[in-house]
Each structure stands twice: as C-alpha cells, then as structure tokens.
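Beneath this line is the structure, given in structure tokens, with notes to follow.
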Amino acid sequence: MINALGNPQHVLLLGGTSDIALAIARRYAGLAPGLRVTLAARPGERRDAAVTELTAAGCVVEAVDFDAVDTAAHRAIVESIEDDIDIAVVAFGLLGDPEQAWTDVDAARELAEVNYVGAVTAGVALGARIRTQGHGVIVALSSVAGERPRRSNFVYGSTKAGMDAFYTGLGEALRELGGHVLVVRPGFVHSKMTTGLEAAPLATTPEGVAEAVVEAVRDGKEQIWVPGTMRVVMSGLRHLPRTVFRRLPI
Ligand SMILES: NC(=O)c1ccc[n+]([C@@H]2O[C@H](COP(=O)([O-])OP(=O)(O)OC[C@H]3O[C@@H](n4cnc5c(N)ncnc54)[C@H](OP(=O)(O)O)[C@@H]3O)[C@@H](O)[C@H]2O)c1
C-alpha cells in the first residue's frame, strides 16, 4: 500500500527500460528505502542495465518479460506478479519516423500496436488487478502530442490521443473501486526516444517528469502537464483555427 507519506512499497514499470520510468523509480527509491520494483520489459542489455542500476540504488528488483505487442500475454503477466502493485507506470512507447509512419503500412501498424493497442490491453489487465486489490495507482505516460496532433507527427499523436482517452476513462471506471489513474502529458523530454532531435521549447528531462509525477501521485491528481506551463500552451494551441495552427513551426 502507499503509505501515509505517499510513498509506495512496490512499483511496476511496464516498459521498464524507459528513461522516464527509470527516473520515476529512482525518485521513489530515494523516498522509500527497500522499494520493490518489478521491471517488465523486453529482455536484453538495456533491461539488464536497468536492473543493475536500480539494485545499486537500493531497490529489490525483479525483471519480467513484457512485449507491448504480445497483447494476449498482458493479463497473465500482470496476474503473475505476487506482491500488491501500489503504482504501475505505463511507459512503453515508440516515436517512430513520422514520415514513414503515415506512408508505410507496417510502420503505422507498429506505432498503433505498441502505443495504443498494447497500452489498452495492459490497462485492462491493470484495471482487473486493481479491482482485485481494492487499491492501486496507474501512471500513464501520454503526451502533449495527443492533444492536438500536428502534421509533423500525427500518427504518433493519434496513438497518444487514443491511449490518453483510454486511461482518462479508466480513471473514471476505477474511481469508485479504490483505483486511481494519473495521466501525464509531457512536452519534449530529453530521453533516448528523442536522441538526435532538436529540442522543442519548454523541453524537460526524465528527472523533471519524475519529480512532477511523484508530487502529483502524492496530491491525488488525475492529469498533469510537464512542465506545468505546457497546460496553458496546449490550451491555447487547442483552440487556434486550423489555418493558423498549420502555419506554426511545430
Ligand atoms: N521523450 C519524450 O519527449 C516524450 C514526451 C512525451 C511522452 N513520452 C512518452 O513517455 C513514454 C516513455 O518514453 P521515454 O522518453 O522514457 O522514452 P524511452 O526511453 O525510449 O522509453 C520507451 C521504452 O519503450 C519500450 N518499448 C518500445 N517498444 C516496446 C515493446 N514492443 N514492448 C515493450 N517495450 C517497448 C522501449 O524498451 P526497449 O528497451 O525494449 O526498446 C523503451 O525503453 C513513452 O510512452 C513516450 O511516448 C515521451
């Protein structure tokens, strides 16, 4: 259970090699000594390195095989985790090549399967688990890209719009059942997903997102933008006429 100070005993990272997910785990590790972390990710060097890093940070870590596109396995993976899940971070995702994504069927399908379909099936599995436990928080890493998809990466944006709507609704469904969902909408984050890309205005770091997430979970928030000023920016952008919006260099 999350204790009176708002700190969990057990965190599940779905997409456990994500830079943002690992920053969240590190932050909780500093607040909750002996934190248990289940790192659900595809096996490989990145997962091994994440296990080593979190173990060195004082966590008790277990790695579990998880592939976002193997949707049939999601329910069993979540059910197989023995300890109550206090916080589950849904972090897996692909940015993809934006031009390939709208011109190549396989590239589009992969983005849709990982970012939307996999997020939905994992969310259904987490929802079932929270109903059984009677408590639990889901942190869903959405994106401002889903709020008003842009020409420059609208396939990614559309998948994030879909997952954002799903987790917002899941929060409503779990509200009366002891569950809580925090939808997180970061802007540009300096992570391996954005390596080599020019940073957008108001860019932040995985640590910046982690700090905002920990605070928001403690405060029982349902949605946040990171940085917080992004909320105002997106509110303005959402209402711009399409003819103006399409001329913006974003
Ligand atoms: N970085 C940004 O600017 C930004 C902004 C807004 C929202 N977000 C969202 O935040 C989340 C975390 O992103 P990040 O910045 O931390 O990027 P990241 O470090 O690249 O993390 C994404 C993770 O997704 C995992 N993944 C990809 N395909 C998968 C699959 N089929 N099955 C399981 N895992 C898979 C990758 O794991 P492998 O090690 O297996 O490849 C990777 O570690 C994503 O959902 C992203 O869309 C990011």
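In each ligand, atom 1 is the first atom listed, and ligand 1 is the first ligand listed.
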- Using a cut-off of 6.0 Å, state whether more than 12 heavy atoms not belonging to Arg242 lie near its atom CZ.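 Check fails, neighbour count at 12 or below.
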- Task: Would you indicate whether Glu172, at its atom CD, is surrounded by more than 12 heavy atoms from other residues, nucleotides or ligands within a distance under 6.0 Å?
- Result: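 Yes, enclosed.
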- Item | ring pair (Phe, Tyr, Trp, His ring centres under 6.0 Å) contacts in which one or both residues fall within residues 40-66, not counting sequence neighbours |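 Residue pairs with at least one partner in residues 40-66: Phe66-His74, Phe66-Phe92.
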- Item | Cationic N near anionic O, under 4.0 Å, Arg26 to Glu211 |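 The answer is no: the pair does not qualify as a salt bridge.
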- Message: For Glu215 and Arg218: C-alpha separation, side-chain torsions, deciding distance, then whether salt bridge (Lys or Arg N to Asp or Glu O under 4.0 Å) applies.
- Response: CA-CA 5 Å; Glu215 193 180 315; Arg218 194 186 305 122; 5.7 Å; no
- Does the side chain of Gln223 reach to within under 4.5 Å of the side chain of Arg185, using non-hydrogen atoms?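 A side-chain contact exists here, since the closest heavy-atom pair is under 4.5 Å.
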- Message: Residue by residue, ordered by chain and number, which ones reach under 4.0 Å of ligand 1 with a heavy atom?
- Response: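 Protein residues near ligand 1 are Thr17, Ser18, Asp19, Ile20, Arg42, Arg46, Phe66, Asp67, Ala68, Ala91, Phe92, Gly93, Leu94, Val114, Leu141, Ser142, Ser143, Tyr156, Lys160, Pro186, Gly187, Phe188, Val189, Ser191, Lys192, Met193, Thr194.
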